[in-house]
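The structure under discussion appears below in the form of structure tokens.
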Amino acid sequence: QVQLVESGGGLVQAGGSLRLSCAASGRTFSSYSMGWFRQAPGKEREFVAVITRSGSIIRYATSVKGRFTISRDNNKNTGYLQMNSLKPEDTAVYYCALDRSGDTNWRAYTYWGQGTQVTVSS
């Protein structure tokens with residue numbers, strides 16, 4: 001069993017930055033790919049970014065490419081999502097999740113954090 005805890009969300013003006021963290025319990029963090037997903041009110045959960053176990057493969061949603069950076073530190077059992085040039089349409093609850101497949105489909109993921117709210121004001 002793996003538990004995930006996100007932090008770093010908040011309220012920021014458009015053009016600002018936030019850094020989300022995802023702390024994993026246990027010693028198996030490095031065995032999983034880590035994904036970030038988000039869900040805005042009334043919308044389906046959507047893929048943001050994914051990084052494989054070693055960090056050798058990274059994928060981004062088109063909407064965040066060039067603005068967001070996913071990374072991980074397996075020694076600290078922690079993953080990150082650096083978000084720059086934030087836009088109001090980035091407002092959502094952000095979730096980190098772990099899965100062995102590295103899929104971009106949220107339905108493939110086994111372990112989820114509780115989510116952290118990101119609000120971008122215009």
Side-chain angles (χ1 to χ4, degrees):
Q1 190 74 11
V2 179
Q3 293 185 328
L4 303 175
V5 179
E6 300 101 334
S7 61
L11 173 64
V12 64
Q13 289 187 333
S17 298
L18 285 173
R19 188 194 195 201
L20 306 184
S21 297
C22 174
S25 64
R27 295 173 291 180
T28 59
F29 178 73
S30 60
S31 300
Y32 295 93
S33 293
M34 181 188 71
W36 284 95
F37 299 85
R38 65 187 183 186
Q39 189 166 18
K43 294 188 177 181
E44 187 173 348
R45 191 165 298 190
E46 65 175 4
F47 166 73
V48 174
V50 62
I51 184 170
T52 52
R53 291 176 295 176
S54 66
S56 60
I57 298 175
I58 291 175
R59 297 176 180 174
Y60 294 99
T62 301
S63 60
V64 306
K65 192 174 295 184
R67 300 188 297 122
F68 290 12
T69 302
I70 189 172
S71 62
R72 65 189 297 162
D73 185 338
N74 288 337
N75 291 325
K76 295 182 178 180
N77 288 346
T78 302
Y80 305 97
L81 185 68
Q82 177 67 44
M83 306 186 296
N84 298 329
S85 302
L86 282 161
K87 304 175 181 179
E89 51 263 44
D90 294 319
T91 296
V93 177
Y94 283 71
Y95 300 89
C96 65
L98 300 183
D99 182 68
R100 297 189 187 277
S101 71
D103 206 293
T104 59
N105 187 335
W106 65 267
R107 296 174 181 83
Y109 282 72
T110 305
Y111 301 107
W112 289 86
Q114 83 288 352
T116 186
Q117 177 71 46
V118 172
T119 303
V120 184
S121 63
S122 57

When every non-hydrogen atom of Ile51 is compared with those of Arg72, the smallest separation belongs to O-NH1, 3.6 Å
Heavy-atom count check: over 12 atoms from other residues, nucleotides or ligands less than 6.0 Å from Arg53 CZ? no
Shared hydrophobic cluster, Val64 / Val12 (ILVMFWY, side-chain heavy atoms < 4.5 Å): yes
What heavy-atom pair brings Ser21 and Thr78 nearest, and what distance separates the two atoms? CB-CG2, 4.4 Å
Pairwise side-chain contact, Tyr111 with Gln1, heavy-atom cut-off 4.5 Å (strictly under): yes
What heavy-atom pair brings Ser17 and Asn84 nearest, and what distance separates the two atoms? OG-OD1, 2.9 Å
Give the minimum heavy-atom separation between Val2 and Tyr32, together with the two atoms involved. CG2-CE1, 4.2 Å
For Arg38, which of Glu6, Glu46, Glu44 qualifies under salt bridge (Lys or Arg N to Asp or Glu O under 4.0 Å)? Glu46
Would a single hydrophobic cluster contain both Phe47 and Trp112, if residues Ile, Leu, Val, Met, Phe, Trp and Tyr are joined by side-chain heavy-atom contacts under 4.5 Å? yes
Side chain proximity check, Ile70 to Met34, heavy atoms < 4.5 angstrom: yes
When you compare the side chain of Thr28 with that of Leu98, does any pair of heavy atoms fall below 4.5 Å? no
Quick one: pull up CD in Gln13 and OG in Ser122 and give me the separation to the nearest 0.5 Å. 9.5 Å
Is the count of non-hydrogen atoms from other residues, nucleotides or ligands lying under 6.0 Å from Arg59 atom CZ greater than 12? no
Any chance you could measure Met83, atom CE, to Thr69, atom OG1, to the nearest 0.5 Å? 11.0 Å
How about Arg67 and Asp90: do any of their side-chain heavy atoms sit closer than 4.5 Å? yes
Rounded to the nearest 0.5 Å, what separates atom OG in Ser30 from atom CG in Asn77? 7.0 Å
Shortest non-hydrogen pair, Ala92 vs Ala40, comes out as CB-N, 3.8 Å
Hey, does Asn74 have a side-chain heavy atom less than 4.5 Å from the side chain of Phe29? yes
Any donor and acceptor pair, going by atom type alone, linking the side chain of Thr52 with main-chain N or O of Ile57 inside 3.5 Å? yes
Cluster question for you: counting only ILVMFWY and a side-chain heavy-atom cut-off of under 4.5 Å, with indirect links fine, are Val48 and Ile58 together? yes
Side-chain touch Leu11/Gln117, heavy atoms, less than 4.5 angstrom: no
Can you name the nearest heavy-atom pair linking Leu4 to Cys96, along with the distance? CD1-O, 3.7 Å
Single-linkage hydrophobic cluster Phe37~Val50, side-chain heavy atoms < 4.5 angstrom: yes
With sequence neighbours excluded, give me every ring pair (Phe, Tyr, Trp, His ring centres under 6.0 Å) pair touching residues 60-107. none
Between Asp99 and Ser33, does any side-chain donor sit less than 3.5 Å from a side-chain acceptor? no
